[in-house]
Amino acid sequence: MTETFQGWACHGKDQPLKLTELPLKTWEEDDVELEITDSGICGSDIHTLDSGWRPTPYPCVVGHEIAGIVTRVGKNVTKVKVGDRAGVGPISDSCGDCKPCNSGISNICENRPTGTYASKWKNGDTTYGGFADKWRGASRFVVKIPDNVTNENACTMLCGGITSYAPLKRWNVGPGSVVGVMGIGGLGHFGVLFAKALGASVVAMSHSETKREVALELGADKYINTSDEDQLAKGNKTLTHILCTGCSSDFKWETYLPLLQPNGVFINVNVPRWQFPALSPSLIIVLQVSIAGSAAGSPEESEEMLRFVSEKNIKTWYQTYPMDQVNQAIEDFRAGKPRFRYVLKN
């Protein structure tokens with residue numbers, strides 16, 4: 001049994017990815033091995049390649065939107081079998097013992113979940129992501145892909161999709177909800193697709209007119225150019241939820257919270273490299289609104305999302321690149337070209 005894989009590794013900040021032979025995780029009987037067919041590119045990959053959030057442990061193989069074919073399962077694995085199509089997102093394991101892990105929210109494991117790359121397995125091995133030919137890891141966060149959902153479509157959902165879907169479900173978005181989606185990019189386009197499929201009215205929001213046409217094509221009912229004072233004024237107290245998937249460094253709470261109805265909620269899934277501004281407690285008191293955050297999702301939520309995608313026939317907007325053109329795909333990603341996700345294919 002081969003104990004190595006071929007991955008497109010970054011060996012240092014500002015360096016191109018190079019095809020590199022690296023060790024697979026040491027096999028355990030709770031593990032699954034995948035032959036990778038598709039791997040989505042996520043903004044988190046770029047941050048990690050650049051050591052943007054914290055110093056990255058190079059060499060690093062990124063990619064945490066992984067789909068493939070199961071080629072091996074451990075004796076203790078029952079959720080998938082050899083030949084199944086399955087995937088894994090940004091989290092690959094957790095302690096399994098803390099209260100969150102035993103309450104269906106293992107994505108916020110109290111003992112810190114294991115990242116799919118640039119992290120460590122419980123046995124001390126380094127985790128490597130999906131820009132590769134194989135993936136091996138713990139089965140707990142592996143999810144089976146429904147028959148009528150392609151691997152291309154499914155992989156994009158496993159980080160970007162669940163990051164938008166999970167908080168919309170958690171905060172009871174449905175018929176009668178009016179959801180504002182801030183940032184019409186990779187995450188934001190999922191916000192529009194999922195909020196609409198859940199039965200809500202959707203108001204897309206961006207800081208110029210550039211995204212208006214594509215936002216409406218995605219299914220948004222209305223569009224607010226947040227640089228236009230008149231459009232903001234008309235949106236005052238009209239939204240039940242705001243899903244913040246992206247914003248610029250001049251973000252101000254005073255611009256967005258007044259758009260919420262009383263008891264509305266501002267849900268942030270955006271992790272910029274800059275800090276959000278200070279918030280006056282009196283603002284949320286007077287408006288009687290809440291602010292919440294959400295971190296990807298648990299395996300249970302990812303499985304639920306994929307069933308929903310299957311039922312509603314939801315299709316991500318994506319373009320594909322051969323895996324060996326990964327450096328070109330990253331260059332195009334940095335240039336802001338995706339509409340709205342990129343998928344690397346083996």
Side-chain angles (χ1 to χ4, degrees), residues 105 160-185 187-209 211-272 276-297 301 304-305 308 312 314:
I105 49 174
I162 192 61
T163 297
S164 296
Y165 175 83
L168 294 175
K169 283 288 291 184
R170 192 175 305 125
W171 288 92
N172 302 311
V173 167
S177 300
V178 185
V179 179
V181 177
M182 288 175 56
I184 308 304
L187 282 180
H189 109 285
F190 281 120
V192 175
L193 294 174
F194 281 130
K196 284 295 291 185
L198 289 164
S201 296
V202 177
V203 180
M205 295 190 286
S206 191
H207 64 280
S208 72
E209 291 294 323
K211 299 289 183 70
R212 180 182 291 273
E213 184 176 344
V214 73
L216 297 175
E217 190 177 350
L218 279 166
D221 299 282
K222 295 180 180 179
Y223 184 90
I224 294 177
N225 175 352
T226 56
S227 297
D228 187 313
E229 295 292 339
D230 291 338
Q231 292 185 39
L232 283 170
K234 290 177 182 176
N236 190 49
K237 296 190 185 304
T238 60
L239 307 177
T240 58
H241 304 73
I242 292 175
L243 180 68
C244 177
T245 71
C247 57
S248 55
S249 58
D250 61 355
F251 170 87
K252 294 180 181 178
W253 293 107
E254 294 81 2
T255 300
Y256 294 95
L257 294 186
L259 299 174
L260 289 167
Q261 298 174 17
N263 301 322
V265 59
F266 181 102
I267 307 164
N268 183 57
V269 296
N270 176 36
V271 187
F276 275 74
L279 171 66
S280 169
S282 63
L283 183 64
I284 57 174
I285 291 171
V286 170
L287 295 174
Q288 194 168 305
V289 296
S290 302
I291 298 170
S294 183
E301 288 171 317
E304 177 191 312
M305 173 193 67
F308 185 71
K312 298 292 187 179
I314 297 171

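Only a predicted model underlies this, so the values are computations on that prediction, with no experimental measurement involved.
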Open item on the list: Using the rule given for side chain to side chain contact (heavy atoms under 4.5 Å, CB included), can you reason through L279 versus I291, listing the C-alpha separation, both sets of side-chain angles and the distance that settles it, and then say yes or no?
Closed with: CA-CA 11 Å; L279 171 66; I291 298 170; 3.3 Å; yes
TODO: For residues 160-182, pull every pair meeting side-chain hydrogen bond (donor to acceptor under 3.5 Å, both in side chains), keeping only residues two or more places apart or in separate chains.
DONE: Y165-E304, R170-S294, R170-E301
TODO: Scan for side-chain hydrogen bond (donor to acceptor under 3.5 Å, both in side chains) pairs involving residues 191-204, sequence neighbours excluded, and state none if there are none.
DONE: K196-D221
List the atom of [X], the atom of [Y], and the distance in Å for their closest heavy-atom pair.
| X | Y | value |
| --- | --- | --- |
| P167 | I267 | CB-CG2, 3.6 Å |
| V181 | T245 | CG1-CG2, 4.5 Å |
| P277 | W253 | O-NE1, 3.1 Å |
| C247 | M182 | CB-CE, 3.9 Å |
| V179 | A200 | CG2-CB, 3.9 Å |
| A195 | L168 | N-CD1, 3.9 Å |

TODO: For S206 and G183, indicate whether the former's side chain and the latter's backbone hold a donor-acceptor pair under 3.5 Å.
DONE: no
Open item on the list: Within this structure, what is the CD-OG1 distance for the pair E229 and T255, rounded to the nearest 0.5 Å?
Closed with: 7.5 Å
Open item on the list: Rounded at 0.5 Å granularity, tell me how far OG in S282 sits from CG in L287.
Closed with: 9.0 Å
Could you list the donor-acceptor pairs under 3.5 angstrom formed between side-chain atoms of residues 232-239 and any protein atom two or more places apart in sequence or on another chain?
unit_1, atom_1, unit_2, atom_2, d
T238, OG1, G235, O, 2.6

Open item on the list: Taking atom CD as the centre, does E213 end up with more than 12 heavy-atom neighbours from other residues, nucleotides or ligands that are less than 6.0 angstrom away?
Closed with: no
Open item on the list: Evaluate V203 against L259 for side chain to side chain contact (heavy atoms under 4.5 Å, CB included), listing each step before the verdict.
Closed with: CA-CA 11 Å; V203 180; L259 299 174; over 6 Å; no
- [ ] Could you please spell out the steps behind the side chain to side chain contact (heavy atoms under 4.5 Å, CB included) verdict for L243 and V173?
- [x] CA-CA 11 Å; L243 180 68; V173 167; over 6 Å; no
Considering residues at least two apart in sequence or located in another chain, which fulfil the side-chain hydrogen bond (donor to acceptor under 3.5 Å, both in side chains) criterion with [X]?
| X | answer |
| --- | --- |
| D230 | none |
| S249 | none |
| Q261 | none |
| S248 | D250 |

Open item on the list: Which label fits F194 and F190: parallel for a plane angle under 30°, tilted from 30 to 60°, or perpendicular past 60°?
Closed with: parallel
- [ ] Can you run down the salt bridge (charged side-chain N to carboxylate O under 4.0 Å, His left out) pairs that involve residues 256-270, sequence neighbours left out, and say none if there aren't any?
- [x] none
Task: Contacts of E217 that satisfy side-chain contact (heavy atoms from CB on, under 4.5 Å) - sequence neighbours left out - done: W317
Task: All side-chain contact (heavy atoms from CB on, under 4.5 Å) counterparts of S227, not counting sequence neighbours - done: H207, N225
